[in-house]
Protein chains: 2
Amino acid sequence: MDNQLLSFTEENYLKIIYLLTERHNGNEVSTNQLAEHTQTKAASVSDMLRKLAEKNYINYRKYQGVTLTEAGEQIALGVIRKHRLWEVFLVEKLGFGWDEIHDIAEQLEHIDSKELTKRLDDFLENPKFDPHGDPIPDAKGKMPSVSYQKLSEIALNQSVVMMGVSVHSPAFLQHLDKQQINLGCGLKVLEISDFDKSYSILLDGKTTIFVSNEVAKNLLVSIDE
Amino acid sequence: MDNQLLSFTEENYLKIIYLLTERHNGNEVSTNQLAEHTQTKAASVSDMLRKLAEKNYINYRKYQGVTLTEAGEQIALGVIRKHRLWEVFLVEKLGFGWDEIHDIAEQLEHIDSKELTKRLDDFLENPKFDPHGDPIPDAKGKMPSVSYQKLSEIALNQSVVMMGVSVHSPAFLQHLDKQQINLGCGLKVLEISDFDKSYSILLDGKTTIFVSNEVAKNLLVSIDE
DNA sequence: ACAAAATTTTAGACTAATCTAAAAATATAT
DNA sequence: ATATATTTTTAGATTAGTCTAAAATTTTGT
Ligand SMILES: [Mn+2]
Ligand SMILES: [Mn+2]
Ligand SMILES: [Mn+2]
Ligand SMILES: [Mn+2]
């Protein structure tokens with residue numbers, strides 16, 4: 001529409017490189033990691049990396065992994081912005097659950113129209129976070145910095161607010177739904193079991209629930225002031 | 001998402017075959033017509049027709065043109081349904097003009113999720129027509145039959161209602177906007193000029209406007225009862 | 001430090017969708 | 001009816017993205 005510089009596939013590679021780099025605190029992403037996340041083989045990834053490097057979207061030294069160039073990062077942030085805006089649309093306007101939206105957003109994130117993105121953003125009242133608590137990059141391609149902590153790193157009896165999840169699988173999200181753990185909930189760790197490191201948590205100052213260590217590691221929270 | 005049986009490209013061919021067949025009252029569509037509408041060359045169309053015939057989406061006799069099979073028609077109607085629903089969304093929810101939406105809908109029509117289409121339909125309150133007056137096929141793949149007439153075929157002084165357009169170019173739609181000719185307007189042909197066959201029209205029983213013969217041929221109306 | 005293991009790249013092949021040029025079929029026009 | 005023009009199909013290439021198998025490079029373990 002506006003100017004389809006990149007293919008669907010190239011956009012996906014750049015987006016995944018961005019997200020993996022972020023997850024590794026800025027360290028290079030390896031060929032095998034990309035193969036896993038693109039559902040392809042390492043050989044295919046090597047080919048694509050050569051192409052993206054040629055177009056100056058990535059910094060690539062053979063065998064050494066990749067990072068995004070400024071140009072590549074802007075593309076990636078544009079795709080992530082659309083992905084997260086569409087997720088807000090699907091939940092807020094169409095009533096989908098947060099466990100049902102990712103695969104649809106994977107398609108919608110490639111719709112190419114600056115004007116559409118702008119109007120969608122306004123229609124949604126310029127949300128700053130998606131339904132999983134992930135920040136939405138602004139129209140200028142700037143990702144808001146957020147600093148959440150894992151619930152598993154929070155001191156006992158410290159009141160915190162549930163802000164996000166570090167795993168987006170439907171199974172995990174449905175598990176949280178069942179326990180009524182939602183974004184914005186108040187949480188306080190009362191006790192960690194010596195036996196299996198599972199957590200007793202006071203939810204919204206009212207009910208006590210029990211979650212596994214695995215769950216506690218994937219809940220992102222911020223200190224409640 | 002649900003089951004991506006067909007490529008983006010195959011879906012486009014089936015949609016275009018449907019729309020051209022409809023326009024020709026059920027007559028076969030030729031290779032050259034398809035080449036024109038798919039923005040490709042006749043040789044490419046021949047290849048694709050062989051493939052679509054093999055998959056039983058079209059009836060194809062070499063050199064004789066094509067029609068859709070029942071299976072092909074269902075695919076085409078599904079794509080057209082999505083196209084028109086998204087156009088309603090873009091106009092009714094995001095405030096786009098009817099001249100700005102087609103190219104965006106060309107992309108959105110390929111988003112694959114039954115559940116999304118269903119929820120979008122409900123969100124839009126199950127519209128029966130798109131912003132150009134074209135009927136929206138239902139979820140079962142049935143196209144509502146509508147019988148509009150060209151304004152150019154209507155008797156003098158017969159009151160009619162503006163129901164649709166047979167050309168969707170932004171230039172034509174913007175031209176109608178400028179003259180305040182919108183869907184639902186009341187129209188009555190007062191006179192046809194002997195000189196250039198242009199029309200004097202009473203708009204909404206209030207103002208008199210003048211439109212070219214070309215415009216009158218592309219306005220679809222129904223008798224006002 | 002060096003052999004073994006793991007990772008990454010290259011080589012060569014395949015599919016989908018496209019193209020140009022040439023051949024085949026159909027339509028048209030005297 | 002037959003030559004000419006038009007349309008359509010086929011033949012042979014090309015590009016993007018993928019694959020498997022083999023070669024090259026880096027990492028690991030003793
Ligand atoms: Mn997502
Ligand atoms: Mn998300
Ligand atoms: Mn349209
Ligand atoms: Mn339309």
Side-chain angles (χ1 to χ4, degrees), chain A residues 3-17 20-21 23-24 27-68 72 75-76 79 106-107 109-110 112, chain B residues 3-17 20-21 23-24 27-68 72 75-76 79 106-107 109-110 112:
Chain A
N3 50 356
Q4 189 61 357
L5 302 143
L6 294 104
S7 69
F8 191 101
T9 308
E10 291 171 313
E11 285 192 350
N12 274 332
Y13 272 90
L14 295 177
K15 178 190 62 171
I16 293 167
I17 293 168
L20 290 179
T21 307
R23 186 182 299 177
H24 298 58
N27 284 322
E28 288 84 1
V29 180
S30 75
T31 299
N32 267 352
Q33 287 168 346
L34 287 171
E36 194 181 318
H37 284 81
T38 53
Q39 320 246 62
T40 62
K41 298 301 160 71
S44 308
V45 173
S46 279
D47 275 352
M48 182 57 82
L49 294 183
R50 193 182 27 66
K51 193 172 82 172
L52 291 173
E54 220 155 69
K55 296 188 180 183
N56 285 113
Y57 291 121
I58 61 175
N59 305 116
Y60 176 43
R61 298 188 339 279
K62 277 183 195 174
Y63 296 98
Q64 307 303 310
V66 295
T67 56
L68 294 177
I75 304 284
V79 175
E106 284 292 303
Q107 299 179 65
E109 72 190 4
H110 301 288
D112 179 30
Chain B
N3 50 357
Q4 188 61 358
L5 302 142
L6 294 104
S7 69
F8 191 101
T9 308
E10 291 171 315
E11 285 192 349
N12 274 332
Y13 271 90
L14 295 177
K15 178 190 63 170
I16 293 168
I17 293 168
L20 290 178
T21 307
R23 186 182 300 177
H24 298 61
N27 284 320
E28 289 84 1
V29 179
S30 75
T31 300
N32 266 352
Q33 286 168 347
L34 287 171
E36 194 181 320
H37 285 82
T38 54
Q39 320 246 60
T40 62
K41 297 301 161 69
S44 308
V45 172
S46 279
D47 275 352
M48 182 57 84
L49 294 182
R50 195 184 24 68
K51 193 172 82 173
L52 291 172
E54 220 155 69
K55 296 188 180 182
N56 286 111
Y57 292 121
I58 61 174
N59 305 115
Y60 176 42
R61 300 190 335 281
K62 277 182 197 174
Y63 295 98
Q64 306 304 311
V66 295
T67 56
L68 294 177
I75 303 283
V79 175
E106 284 292 303
Q107 300 179 66
E109 72 190 5
H110 301 288
D112 180 30

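Numbers restart at 1 for each chain; the letters A, B, ... are given by sequence-line order, proteins then strands.
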[X] has an atom [atom1]; how far is it from atom [atom2] of [N], in whole Å?
X        : N       : atom1 : atom2 : answer
Glu28(B) : dT8(D)  : CD    : P     : 12 Å
Tyr60(A) : dT25(D) : OH    : C1'   : 12 Å
Glu11(B) : dA16(C) : CD    : P     : 16 Å
Arg61(A) : dT25(D) : CZ    : P     : 15 Å
Asn32(B) : dT26(C) : CG    : P     : 15 Å
Gln64(A) : dT27(D) : CD    : C1'   : 11 Å
Gln39(B) : dC19(C) : CD    : P     : 10 Å
Asn12(B) : dT18(C) : CG    : C1'   : 15 Å

Reference residue His37(B); test side chain to side chain contact (heavy atoms under 4.5 Å, CB included); the match among Ile17(B), Leu20(B), Val45(B), Asn12(B): Leu20(B)
What closest approach, in Å, do Ala53(A) and Tyr60(A) show between heavy atoms, and which atom pair accounts for it? CB-CB, 3.8 Å
Counting only heavy atoms not in Lys55(B) (residues, nucleotides, ligands), do more than 12 fall under 6.0 Å from its NZ? yes
Interatomic distance, CD@Gln64(A) vs CD@Glu28(A), rounded to 0.5 Å, equals 8.0 Å
5'-most contact on DNA chain D (nearest-nucleotide basis), Lys41(A) vs Tyr63(A), goes to Lys41(A)
Nearest heavy atom decides the nucleotide; on that basis, is Leu49(B) or Glu10(A) closer to the 5' end of DNA chain D? Leu49(B)
What contact category does Ser46(B) fall into here, base, sugar-phosphate, or nothing, at under 4.0 angstrom with non-hydrogen atoms? base
Mind checking if Thr31(B) touches a base, just sugar-phosphate, or nothing, with heavy atoms under 4.0 Å? sugar-phosphate
